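Chain letters run A, B, ... following the sequence lines, proteins first, then strands; residues in each count from 1. Every value quoted in this text rests on a predicted model; they were computed, and no experiment measured them. Values below: every heavy atom of this structure, side chains too, minus hydrogens, waters and symmetry copies.
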Amino acid sequence: MTDVTAASTETQPPAPWPDDASLAAASHGGPMIELRGVSKEFLGDRSSTTTTHALDNISLTVNEHEFITVIGPSGCGKTTLLRIVAGLIPYDSGQVLVKGKPVTGPGPDRAVVFQSFALLPWATVLENVAFGLETRGIPRAEREEQARVLIKTVGLAGFESRLPRHLSGGMQQRVGLARALAVNPDILLMDEPFGAIDEQTRRIMQEELLRIWGYRRKTVLFVTHSMEEAVLLADRVILMSPRPGRVHEIIDVPLPRPRGRETERTREFTDIKELLWDKLRVMQTV
Amino acid sequence: MAAAAPQPTASAAPFDPAPAPRRPRRSLARRLPVEGLSLLAGSLLWEIAGRTMDLPWLPPLSMILADLVTLLGQESVRANILASLQALVIGFAISLVFGLVVGALMGRFLSVEAALDIYVNALLVAPTIILIPVFFAIFGLGDGTRLSVVVVYAVFVIIINTMTAIKTVDPAMVEMARAFGASEAFIIRKVMIPASMPLVMAGVRLGLGRAVKGMITGEMLVTFVGLGALAARFGSQFDMSKVFAVSLIVLILAAVTNWVAQLVDDRLTRWAD
């Protein structure tokens, strides 16, 4: 196992990587996101009286600098959970705290990366990346300067004046990621960000995300339906059960970082993935 | 092992920006050969048919063009063209403001849509011509009637397109803006308006075409000024050559206004096509 780790370190980009001590210190920051007994129901159509119990009594703490992935069968409310933390939809009961304060709406401490990318088709890459800063009233020169730095970070230097439709799906989501990072949030909320991207590109994007996260240690809440992705990226995997959505189990992923493709070939990775699969399979039949 | 393998993600710039793909511009010059040839063939056919068949309703094209030149040389004709143009510009401006505002309100607020939808749809499909006597009763022979006819012809298609445009703005984009903390005003200005521009402009261009029709219809049937009055007068004299000459003036007018609208459209919605 040590061999593999060494090999993976050699092949990693020369990104500044915190040593083990600072990593350990960094990953035990205070609670960043706290959910206490959060429930959410959706009303059915006007014609029907049925309601969908999307989330039931969710309690969860995400610490600073932690990378959390959320996985579960479709309909388990994982996207609802993320949208509640983002402040995009209200919740019925319980408490949602971000940095100790109740969430009442979107805030500058959080940024969302969307599955559909949600780029403005009339705006260039530069304008799209700068959009979050623009909503905050940052003057053009300043926001474009910051946007250029992030465009470089996600590997899109030279594409600043392109329109989104001239970019591949993977490149579009790089823009989405840069836009989120540009506002320098404490928390990155990622809603199946690579779900609409083909498999090869998806793998590259996962490595890119790990590389970037390596030196911009945001707290990440990442919703996915891919088991490999959930295990590869996370410090902890939240496994949710469907209808009503509940936290079924929280699985620690003690794999060493930095992680890469080599990580997926280790016994440890496979073991955790199989464990996750066993639990998901049981849930599907129940 | 993997240590030797090149890492595609290691570089900070994994993509080589090739020159940006450029949209082939819908340039007039590129369409011209076919259009020009078609126009030439049609004109020749008309000229030959006019000369050989000697029909009273089909004067040769050369005669029409000669009449066109004569007409354009007359002070009174030029005054009539100006009067028509004036009605068109003012009537279309009213339609534009009214259409955009009402359409936007209907698109944004379900209650407004519910209240007005039936009227807008009814008036869009109703043959507007039957309303002309009503306008005549209200405004008499004045400019009010001419402008009303232009507005009634043009406004409803602008309303409906604007409403549809606002209603079909991708909710994912609005949600994205909200997630970044954008205010409602910011969302309208920076997301809703640009996103709805292609459909709105399509409505504006359709409205402009209908405004030209409304202008001529009103002038021919009621007010007897402008190009419509000229056409009606020559028609009653069975001077077909002059009727066609006036029609040509109207066609040129319509083509020019459409060209202006196209220029504006291209500028505003280059990203969309």
Quick check on [X] against chain B: is it the side chain, the backbone, both or neither that has a heavy atom closer than 4.5 Å?
{"X": "A/Leu119", "result": "backbone"}
{"X": "A/Leu163", "result": "side chain"}
{"X": "A/Arg179", "result": "both"}

**OP:** Tell me whether the guanidinium CZ or amine NZ of A/Arg217 lies under 6.0 angstrom from the six-membered ring centre of A/Trp213 and within 45° of its axis.
**Re:**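 A/Arg217 over A/Trp213 ring: yes.
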Original post:
Can we say A/Glu264 and A/Arg203 salt-bridge, meaning some charged N sits less than 4.0 Å from an Asp/Glu carboxylate O?
Top reply: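 Result for this pair is yes, salt bridge flagged.
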Sub-4.5 Å side-chain heavy-atom contact between [X] and [Y]:
{"X": "A/Lys218", "Y": "A/Pro185", "result": "yes"}
{"X": "A/Gln206", "Y": "A/Glu228", "result": "no"}
{"X": "A/Thr153", "Y": "A/Tyr215", "result": "yes"}

**OP:** Mind listing the closest non-hydrogen atom pair of A/Leu233 and A/Arg257 along with its distance?
**Re:**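 Reported closest heavy-atom pair: O-NH2, 2.7 Å.
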Subject >> Closest non-hydrogen atom pair, A/Leu210 against A/Leu232 >> reply: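 Minimum heavy-atom contact is CD1-CG, 4.2 Å.
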**OP:** Just give me the residue among B/Ala179, B/Ala182, B/Ala172 that pairs up with chain A most often, heavy atom to heavy atom, under 4.5 Å.
**Re:**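 Most heavy-atom pairs under 4.5 Å with chain A: B/Ala179.
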Original post:
When only pairs under 4.5 Å are counted, which of B/Gly181, B/Ser183, B/Ala195 shares the most heavy-atom pairs with chain A?
Top reply: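 When all of B/Gly181, B/Ser183, B/Ala195 are compared, B/Ala195 has the most.
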Original post:
Which residues, numbered in order, of residues 122-144 of chain A come under 4.5 angstrom of chain B by heavy-atom distance?
Top reply: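 Result: A/Trp122, A/Phe131, A/Gly132, A/Glu134, A/Thr135, A/Arg136.
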Original post:
Got a donor-acceptor contact below 3.5 angstrom from the A/Arg211 side chain to the A/Pro258 backbone?
Top reply: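 Such a contact is absent between A/Arg211 side chain and A/Pro258 backbone.
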Original post:
Just one of B/Leu147, B/Asp143, B/Leu85, B/Val150 clears the side chain to side chain contact (heavy atoms under 4.5 Å, CB included) bar with B/Ile90, so which one?
Top reply: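 When B/Leu147, B/Asp143, B/Leu85, B/Val150 are each tested with B/Ile90, the side chain to side chain contact (heavy atoms under 4.5 Å, CB included) holds only for B/Leu147.
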Original post:
With only heavy atoms counted, which part of B/Val191 is less than 4.5 Å from chain A, the side chain, the backbone, both or neither?
Top reply: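 Both parts, backbone and side chain.
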Original post:
Picking from A/Gly87, A/Ala111, A/Pro106, which has the most non-hydrogen pairs under 4.5 angstrom with chain B?
Top reply: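 Winner by heavy-atom pair count: A/Pro106.
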